[in-house]
Amino acid sequence: MKADLNGVGEASYNKAIESAGEIIKTGGIVAFPTETVYGLGADALNGDAVKLIFKAKGRPADNPLIIHVCDKNISTLTSEIPNIALKLMDEFWPGPLTIIMKKSSVIPYETTAGLETVGIRMPDNKCAQDLIKAGGGFIAAPSANISGRPSPTTFERCVADLDGRVEMIIGKDSEMVGLESTIIDVTGVIPEVLRPGAVTLEMLSKVIGDVAFNGVRMNPEDKPKAPGMKYTHYSPKAEVTIVVGKKSKITSYLIDLAEKDPKSMIILVNGEVLKKIESGDNLIIFNNIEEASKAIFETLRSADDKGFNKVFISAVPETGLGLAFMNRVKKSAGYRFLEVE
Ligand code: TXA
Ligand code: MG
């Protein structure tokens, strides 16, 4: 069932949320919007329901899911809430921050993919919160894409990936971050960011002091801490390349390439340096990192629709949101770089 709630009245909205909640409570799966990307949810405490998510996405069973909650009362889910977690919840929830803690015994191993820890977050999106409440309070949800594809940030993309594979898809498009939540593990001595996101290292460190992040490429043989990090992610069919070098060189190289090679899509970030040039058929210019983050997954997907066989993306400094942006595009590029001088 598709429930496009964009522009519908309150009564229809409530009715749709109620039926979606019923589906979750009776062991089914529902796709829904969050403030980061769309998610595909099931009752986190029902192992059989959670298995359906893995099946619908084609997701490897060793990749754990995040549990989404609608308030800060998470004592059912975790055997201990460290002080650092309390501080983080206080400062950043609801919002795009997933906190890894020790799991309690009510959470089935299907949800955590066998791990003794669990990732929990409270999304800052009314529709998500309403659904979580209606669905019993604990929804396990990965991003609502077929495994390996860029995460969907619109109802349309969600439908394109999941129609016919899930009981219900709720559409309510709103301003999204466009990148998945920051993941921080607080079970060790020093809190460690496992996936950068819109809650930046700088923001985290202001609240809790030392934060570790190791952005090196994961070797597929390694046992990564966030098991999802070892899989190819965010990849369109087109071949993606990150262009690195001095900003002015990157810019002139890519502007040039856009003209010479109409079969390649060119994505330029920090376009304020090029006031006079406008986005064209194959040239996409974002004014700043926020704008680029919001649109990057949708842009990569559109590259396939439009038949581009190559995509070139300008590198940005890896600070603030730029760290999360580069983390995702490097993966979509399979770590393919082109240095211009
Ligand atoms: O913004 C988001 O986080 C979105 C929306 C839907 O909430 N969700 C999302 O889920 O991105 P997913 O499944 O696509 O990515 C979850 C990541 C995976 O890399 C997974 O390995 C990691 O979180 N993860 C989940 N539980 C974990 C745990 N207990 N320990 C380490 N990593 C964990
Ligand atoms: Mg995902």
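One-based numbering, in listed order, for ligands and for the atoms of each.
Here Glu116 has no heavy atoms under 4.0 Å from ligand 1, in either its backbone or its side chain. Residue contacts with ligand 1 for His68 involve side-chain atoms from C-beta outward but no N, CA, C or O (heavy atoms, distance under 4.0 Å). At a heavy-atom distance under 4.0 Å, atoms from both the backbone and the side chain of Thr117 approach ligand 1. When heavy-atom distances to ligand 1 are checked against a 4.0 Å cut-off, Ile183 comes that close only through its side chain, counted from C-beta outward.
Cation-pi geometry between Lys294 and Phe286 is not satisfied (NZ or CZ under 6.0 Å from the ring centre, within 45° of the ring normal).
Note: no N/O pair closer than 3.5 Å links Thr98 and ligand 1 by distance alone. Checked by distance only, ligand 1 and Asn63 come closer than 3.5 Å through their nitrogen or oxygen atoms. Close N/O approach between Arg59 and ligand 1 is found [any backbone or side-chain N/O within under 3.5 Å].
Shown here are the side-chain hydrogen bond (donor to acceptor under 3.5 Å, both in side chains) partners of Asn6, two or more places apart in sequence or in another chain: Asp4.
Looking only at distances, a side-chain donor or acceptor of Thr34 sits under 3.5 Å from a matching main-chain atom of Thr36.
Those atoms of ligand 1 with a heavy atom of Arg121 less than 4.0 angstrom away are 1 (O), 2 (C), 3 (O), 5 (C), 7 (O). Ligand 1 places these atoms under 4.0 Å from at least one heavy atom of Ser143: 8 (N), 9 (C), 10 (O), 12 (P), 14 (O). In summary, the atoms of ligand 1 found under 4.0 Å from a heavy atom of Leu115, numbered by their order in the structure, are 28 (C), 29 (N), 30 (N). Residue Thr36 approaches ligand 1 through these ligand atoms, each under 4.0 Å from one of its heavy atoms: 1 (O), 2 (C), 4 (C), 5 (C).
Classification of Lys172 and Asp130 as a salt-bridged pair fails, no side-chain N sitting under 4.0 Å from a carboxylate O. Salt bridge Glu180/Arg121: absent, no basic N to carboxylate O contact under 4.0 Å. Between Lys260 and Asp256, at least one side-chain N (NZ, or NE/NH1/NH2) sits under 4.0 Å from a carboxylate O, which counts as a salt bridge. In this structure, Asp90 does not pair ionically with Lys87, as no charged nitrogen and carboxylate oxygen lie closer than 4.0 Å.
Clustering ILVMFWY residues whenever any of their side-chain heavy atoms sit less than 4.5 angstrom apart, transitively, puts Leu65 in a cluster other than the one holding Ile100.
The heavy atom nearest to atom 15 (O) of ligand 1, considering only Glu192, Arg195, Glu180, is found in Arg195.
Residue pairs meeting the side chain to side chain donor-acceptor pair (under 3.5 Å) criterion with at least one member in residues 310-324, sequence neighbours excluded: Glu318-Lys330.
Using a cut-off of 2.8 Å, one finds that Ser147 contributes no N/O/S atom close to the Mg ion (ligand 2).
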